[in-house]
Amino acid sequence: MPPTLASLVQHSALRLTVRAGADRLGTPVRWAHASELADPVPYMEGGELLLVTATNLDARDPATMRRYVRRLAGAGVAGLGFGVGVTYDDIPAALVDAAEEAGLPLLEVPRRTPFLAISKAVSAAIAADQYRSVTAGFEAQRELTRAAVAGDGPAALLTRLAAHIDGWAALYDSSGAVLAAAPEWAARRAARLTPEVERLRDRPAPASAVVGDTEGDDRVELQSLGTGRRARGALAVGTGAALGTAERYAVNSAVALLTLTTARSRALQGAEQRLGAAVLRMLLAGQPDHARAVAGDLYGGLLDAPFRLLIAEAALPAGTEPLAEALDAAAGRSGETLLMVPEGERLLVLAVDGGAVAAACVAYARAEEDRPPRESGAEEPDVVVGLSAPAGPIAVSAAYKQAEQALSVARRRGRVLVEHEELAAGSVLPLLADDAVRAFADGMLRPLQEHDAKGRGDLVASLRAWLSRHGQWDAAAADLGVHRHTLRYRMRRVEEILGRSLDDPDVRMELWLALKATAASSATP
């Protein structure tokens with residue numbers, strides 16, 4: 001605790017006497033300063049014990065003393081020490097009354113107590129308080145360090161930190177989810193601050209912010225973790241008042257230790273990714289037994305259950321990092337095994353089928369598709385993802401092809417995520433809603449459409465009817481309401497205009513797909 005007016009009054013060597021403001025002696029004293037100026041306020045910072053002898057003041061004049069004392073009280077001066085036996089043998093009643101009226105503590109300083117002794121006493125008390133704070137801070141640093149290296153995870157560190165600051169502490173991952181909190185009841189309170197953590201995450205690390213708890217009186221301070229372009233997490237501490245010196249030491253130590261832990265975790269993650277890349281290469285090469293041997297306990301459990309293969313590709317400079325962080329956070333919360341291998345602008349992932357990671361990928365895609373368009377007006381998503389069907393170790397090569405096909409479709413359609421099941425089930429017609437297919441259809445049918453536009457016959461409709469009836473002349477002619485000889489003439493004209501034979505099954509197939517693609521395009525809003 002810093003020195004107070006009460007501690008100075010109790011200092012036997014100073015022999016100070018309280019003459020006014022006895023109920024405010026608990027006021028902390030930041031410094032002791034002597035000044036005989038008629039108005040020393042411009043040189044005050046607040047919290048000082050001002051020492052005067054009233055050399056330049058008419059201390060017997062009530063009006064003068066009221067103005068003088070009110071100025072001091074308004075500037076936040078902690079108290080006034082009046083030296084008697086120099087200018088005045090006793091403190092004038094006008095000054096005592098003004099101090100009582102303003103609620104400013106007034107101390108009588110005897111002639112034999114030099115102002116320098118009071119200044120030294122205040123300075124010594126401040127130094128002792130700072131020493132205690134630094135010592136407590138170093139002790140907190142040692143305790144937090146022991147907790148960090150003990151291998152018990154961040155929960156033990158947070159428990160010690162909460163005790164040192166007499167409040168609560170919480171750790172967030174890069175997505176803003178609460179990883180740990182101490183005491184346990186603080187987890188719910190910390191979860192309410194996720195939007196604030198997300199805003200802090202978007203600022204270059206290190207960054208900090210002070211926010212208020214919406215359902216309490218806590219003062220909450222947020223600190224980002226990490227030193228790179230993007231924060232790797234955040235620490236929140238909640239206290240009833242602003243942090244003191246010792247508490248600040250403890251929080252800064254916790255930030256440094258958690259940042260180092262995060263960096264160490266990233267180094268370990270890099271090693272795991274290299275091992276995962278080796279496992280994936282063996283699976284793709286059709287060597288599941290070798291892959292299992294290399295996977296060991298780290299990835300072995302993943303290979304024992306059906307999994308999905310996911311391929312993500314960055315379309316913009318933001319890269320696949322946000323998606324990787326979302327998947328990693330989901331794996332951390334659920335305890336699922338996740339094999340994730342960055343590959344240039346791509347991200348290859350093996351995740352448990354139906355698990356939390358796969359669900360997080362789908363949720364990420366939905367959130368991105370619902371996100372308002374960027375100001376640049378670009379319509380393509382930041383990341384496109386292809387997701388295979390469920391597979392096992394012996395079918396990873398097939399799963400990779402499925403994910404590649406789904407990724408290609410997602411890229412062409414401007415979607416964030418396409419699952420292989422969308423391509424493998426249902427009609428092939430949705431695949432025709434593609435710019436390249438529509439361009440092919442328009443080019444193939446344009447000569448017939450131009451012929452019809454000149455009023456020379458309905459060749460496009462006749463072709464559609466003939467193909468839909470599998471080349472049956474009578475049935476197709478009946479659909480059109482024309483004689484079959486008329487339809488035969490029109491089909492000959494189609495062959496002449498296109499320069500292709502309708503006897504060729506490939507030609508019939510291409511024309512039918514072109515007609516379907518044109519119909520799908522005209523039906524699109």
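- Here the shortest heavy-atom pairing between P3 and A125 reads CB-CB, 3.5 Å.
- L347 and A324 make their closest contact through CD2-CB, 3.9 Å (heavy atoms, listed as atom of the first residue, atom of the second, distance).
- No side-chain donor-acceptor contact under 3.5 Å links E336 to the backbone of V352.
- Rounding to the nearest 0.5 angstrom, the gap separating the CG atom in L284 from the CG atom in L348 is 8.0 Å.
- When all heavy atoms of A351 and L302 are compared, the pair lying nearest together is C-CD1, 4.0 Å.
- Within a 6.0 Å sphere centred on CD of E198, heavy atoms belonging to other residues, nucleotides or ligands number more than 12.
- Atom CH2 of W31 has 12 or fewer neighbouring heavy atoms from other residues, nucleotides or ligands inside a 6.0 Å radius.
- Of the residues listed (L339, V396, L309), the one engaging L283 in a side-chain contact (heavy atoms from CB on, under 4.5 Å) is V396, and it is the only one.
- A donor-acceptor pair is defined here as one N or O able to donate and one able to accept, closer than 3.5 Å; such a pair exists between the side chain of R30 and the backbone of G46.
- Side chain of R469 to main chain of G471: no donor-acceptor pair is present (N/O by atom type, distance under 3.5 Å, no hydrogens or angles).
- Using a 4.5 Å cut-off on side-chain heavy atoms (C-beta onward), V507 and S501 make no contact.
- Once rounded to the nearest 0.5 Å, the distance linking CG of N252 with CD of E247 reads 11.5 Å.
- Salt-bridge annotation for E404 and K401: absent, with no side-chain N of the basic residue lying under 4.0 Å from a carboxylate O of the acidic one.
- The closest side-chain heavy-atom distance from S408 to R411 is below 4.5 Å.
- Side-chain contact between Y172 and L225: absent, with no pair of heavy atoms (C-beta onward) separated by less than 4.5 Å.
- The environment of CD in E495 is crowded: more than 12 heavy-atom neighbours from other residues, nucleotides or ligands sit within 6.0 Å.
- The environment of CD1 in I497 is crowded: more than 12 heavy-atom neighbours from other residues, nucleotides or ligands sit within 6.0 Å.
- Side-chain atoms of Y364 and V383, non-hydrogen and from C-beta on, do get closer than 4.5 Å to each other.
- The minimum heavy-atom distance linking P393 with L303 is given by the pair CG-O, 3.3 Å.
- From H451, atom NE2 reaches atom CG of L445 across 14.0 Å, with rounding to the nearest 0.5 Å.
- At a threshold of 4.5 Å between non-hydrogen side-chain atoms, the residues V197 and V178 do not count as touching.
- What you find for L407 and V384 is that their closest heavy atoms are CD1-O, 3.3 Å.
- Atom CZ of R366 sits in a sparse spot, with 12 or fewer heavy atoms from other residues, nucleotides or ligands closer than 6.0 Å.
- Taken to the nearest 0.5 Å, the CG atom of D479 stands 12.5 Å off from the CZ atom of R464.
- In this structure, CG on L463 lies 11.0 Å from CZ on R508, to the nearest 0.5 angstrom.
- More than 12 heavy atoms of other shown residues, nucleotides or ligands fall within 6.0 angstrom of atom CG in D504.
- The shortest heavy-atom contact between V341 and G276 is CG2-C, 3.8 Å.
- D304 and R292 are joined by a salt bridge, as a carboxylate oxygen and a charged side-chain nitrogen come within less than 4.0 angstrom of each other.
- The existence of a salt bridge linking E421 and R308 is confirmed by a sub-4.0 Å separation between a basic side-chain nitrogen and an acidic carboxylate oxygen.
- Considering CG of L480 and CZ of R490, their distance stands at 6.5 Å, rounded to 0.5 Å.
- Looking only at side-chain heavy atoms (C-beta outward), V460 and Q449 come within less than 4.5 Å of each other.
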